[in-house]
2 protein chains.
Amino acid sequence: MQPIQSIGYIGMGIMGAPMATNLLRAGFDVGVWNRSSDKCNPLKEQGAKVAASPAALAAGEPDVICINVSDTPDVETVLFGDEGVATGAKEGLIVIDHSTISPVATQDFAARLAEQGVTLLDAPVSGGDVGAINGTLSIMVGGSQEAFDRCEKLFNAVGKNITHLGPAGMGQVCKACNQIAVSCNLLGVCEAMALAKKCGLDLHKMIDVVSGGAAGSWQLANLGPRIADGDHDPGFMIDLVLKDLAIVVDTARKQTLPLAGTNLAESYFRAVKANPSIDGGKLGTQAMARTLEQLGGFQFDE
Amino acid sequence: MQPIQSIGYIGMGIMGAPMATNLLRAGFDVGVWNRSSDKCNPLKEQGAKVAASPAALAAGEPDVICINVSDTPDVETVLFGDEGVATGAKEGLIVIDHSTISPVATQDFAARLAEQGVTLLDAPVSGGDVGAINGTLSIMVGGSQEAFDRCEKLFNAVGKNITHLGPAGMGQVCKACNQIAVSCNLLGVCEAMALAKKCGLDLHKMIDVVSGGAAGSWQLANLGPRIADGDHDPGFMIDLVLKDLAIVVDTARKQTLPLAGTNLAESYFRAVKANPSIDGGKLGTQAMARTLEQLGGFQFDE
């Protein structure tokens with residue numbers, strides 16, 4: 001098994017830039033590309049080569065190309081567009097897609113890349129920008145076991161809890177499941193806190209008592225106090241969770257699976273975005289609490 | 001502050017019997033009463049006196065009377081019925097209601113008892129029969145701070161995480177919030193697992209990966225694996241969560257607060273109970289998964 005040495009990295013956003021930085025620090029040769037090239041500068045200063053296009057990055061014959069872009073069409077463009085990875089890729093290349101995109105499209109992309117001897121690993125992450133900076137991301141991987149094993153050192157440089165879940169697409173399915181649980185748990189947090197507020201119960205006391213038992217969740221412990229204080233600064237933005245839930249809902253539709261709780265959570269997030277008086281899509285997910293405030297005619301921090 | 005020495009205990013069910021046992025072991029004088037008197041026998045053998053009625057229990061002039069019965073009307077009967085506590089109670093008595101009942105009714109009961117100099121603490125618990133046996137229950141207390149302080153040693157004999165939340169009814173409000181979060185989290189677990197199953201993702205792997213991050217919850221970590229294995233044995237029965245959610249929904253209605261997620265979870269629990277082929281109400285709450293199986297036309301353990 002030939003070790004991974006050279007990596008091309010596509011997407012220097014809030015996640016990609018710190019992940020590429022961690023790969024540089026771990027001793028990999030890193031080339032980078034971003035749609036707006038100025039975002040490559042911080043990586044260039046740390047020793048990364050900047051490529052002119054995804055095709056040019058691939059033509060440099062790296063062992064692996066990592067991708068961190070926004071949504072399914074963006075991945076399709078950097079892979080199969082006019083100057084996409086596929087035009088420059090040599091047989092044996094491994095592509096790791098860290099973006100959160102459609103599981104079904106991922107299977108299609110994997111099949112198309114396989115035709116030219118390129119292996120796709122879908123490897124969406126959780127843990128946010130803090131996890132990306134600290135190299136503590138959870139990474140949910142689908143695709144060839146052999147390619148997964150070969151990339152072990154790479155994954156360990158950017159993440160902590162790294163799991164191979166099965167064939168192509170399974171990483172994306174797992175991320176979709178993750179976003180379902182996140183959204184429904186937050187729905188429960190908002191409804192529990194709304195009842196507490198309406199009845200005059202101290203919100204912080206309620207969170208403390210309830211967190212330790214069967215009602216406990218990461219969402220309650222971490223976002224409950226921020227809701228109580230009216231703090232809607234983004235950890236994870238509503239625009240992004242809406243993008244992820246669109247993938248979940250589309251995947252469920254293809255599986256003929258009704259997901260009424262998830263649909264409801266999505267609608268509540270959308271109502272925050274729809275509010276004309278605020279730029280709701282840019283708020284943190286905990287701003288779902290605003291929908292409860294609107295429905296119930298109250299304010300959490302009053 | 002006069003220490004508590006003698007306690008009357010009403011309700012020798014799955015929770016009351018072990019809680020009364022723990023009070024006996026902690027050195028309190030304990031008298032007991034139960035609607036069907038044979039359930040008092042185990043406590044009698046351990047040294048508890050058995051009373052003929054709640055009124056007789058109260059007439060023995062205990063410092064405290066604890067109540068652990070099923071629902072709001074049951075509490076009303078043991079307090080204010082023909083042979084209820086109120087007929088025998090002397091001024092200065094403290095009544096601790098460990099049942100999960102209506103917060104609004106609790107405020108009414110507290111006011112009626114106060115007229116005869118009796119103090120009501122609402123003190124619903126979480127932690128189940130295991131917590132009751134081990135004396136590790138969480139106890140959410142509403143009512144007079146002075147009475148709460150006086151009962152500290154008593155509470156410590158039956159629970160671990162004991163919090164005074166405010167005036168009468170606030171313990172019950174907090175328990176209602178707890179059941180909202182429990183139910184919506186479980187809804188998220190069932191929907192996430194349904195999508196995983198439909199897409200062919202290994203359920204146990206998904207639970208392991210997702211539990212450590214922002215999607216993590218007690219419900220996922222504890223009930224997720226049982227859902228994956230088709231194990232619907234009761235930790236907490238669907239009949240009981242339906243009783244609790246009826247209280248939640250009624251409380252929310254009185255507050256003019258829409259709780260669509262909780263309503264949905266309640267409907268999904270009810271669908272398990274409605275299934276004529278199983279005695280669904282007696283299954284554990286994780287059997288909510290059966291509703292997803294019905295809706296999605298699949299089985300988790302196949």
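So you know, we letter chains A, B, ... as the sequences are listed, proteins then strands, and number each from 1.
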Most heavy-atom pairs under 4.5 Å with chain A, out of B:N222, B:I180, B:N185, belong to B:N185

Selection from A:L264, A:V248, A:L259 maximising heavy-atom pairs under 4.5 Å formed with chain B: A:L259

Given a strict heavy-atom distance threshold of 4.5 Å, which part of A:F236 is in contact with chain B: side chain, backbone, both, or neither? neither

Nearest 0.5 Å, please: how far is CE in A:M206 from OG1 in B:T163? 12.5 Å

Please report the interatomic distance CG(B:L257) to CG(A:L295), rounded to the nearest 0.5 Å. 8.0 Å

Just so I know, are the side chains of B:L165 and A:D202 near enough to count as touching, which here means a heavy-atom distance under 4.5 Å? no

Which atoms of A:L220 approach chain B - backbone, side chain, both or neither, heavy atom under 4.5 Å: neither

Measuring from atom CD of A:Q172 to atom SG of B:C199, what distance do you get when rounded to the nearest 0.5 angstrom? 11.5 Å

Where on A:T262 is there a heavy atom nearer than 4.5 Å to chain B: the side chain, the backbone, both, or neither? both

Most heavy-atom pairs under 4.5 Å with chain B, out of A:G212, A:G296, A:G261, belong to A:G261

Answer key: most heavy-atom pairs under 4.5 Å with chain A among B:C190, B:S183, B:P258 is B:P258

Show the nearest heavy-atom pair for residues B:A215 and A:A181, with the distance to one decimal. CB-CB, 3.7 Å

Using a cut-off of under 4.5 Å on heavy-atom pairs, state which of B:G188, B:C174, B:C184, B:A192 scores highest against chain A. B:A192

Name the region of B:V189, side chain, backbone, both or neither, that has any atom closer than 4.5 Å to a heavy atom of chain A. neither

Check this for me: A:K160, atom NZ, are more than 12 non-hydrogen atoms of other residues, nucleotides or ligands nearer than 6.0 Å? no

Could you state the interatomic distance from OG1 (A:T251) to NZ (B:K198), rounded to the nearest 0.5 Å? 13.0 Å

Surrounding CD of B:E152 (heavy atoms of other residues, nucleotides or ligands, distance under 6.0 Å), is the total greater than 12? no

Can you see which heavy atom on A:Y268 is nearest to which on B:A260, and at what distance? OH-CB, 3.3 Å

Identify which part of A:N161 has an atom lying under 4.5 Å from any heavy atom of chain B, answering side chain, backbone, both or neither. side chain

B:Q145, CD: over 12 other non-hydrogen atoms inside 6.0 angstrom: yes

How about B:Q299: does its CD atom have over 12 heavy atoms from other parts shown lying under 6.0 Å from it? yes

Using modelled atom types and a 3.5 Å cut-off, is there a donor and acceptor pairing between side-chain atoms of B:Q255 and backbone atoms of A:L195? no

Nearest-0.5 Å distance that lies between atom SG in B:C177 and atom CG in A:L201: 5.5 Å

Most heavy-atom pairs under 4.5 Å with chain B, out of A:A265, A:G216, A:P103, belong to A:G216

If you count heavy-atom pairs under 4.5 Å between each of A:A194, A:G297, A:A214, A:S126 and chain B, which one has the most? A:A214

Output the distance between atom CE (A:M170) and atom NZ (B:K205), rounded to the nearest 0.5 Å. 10.5 Å

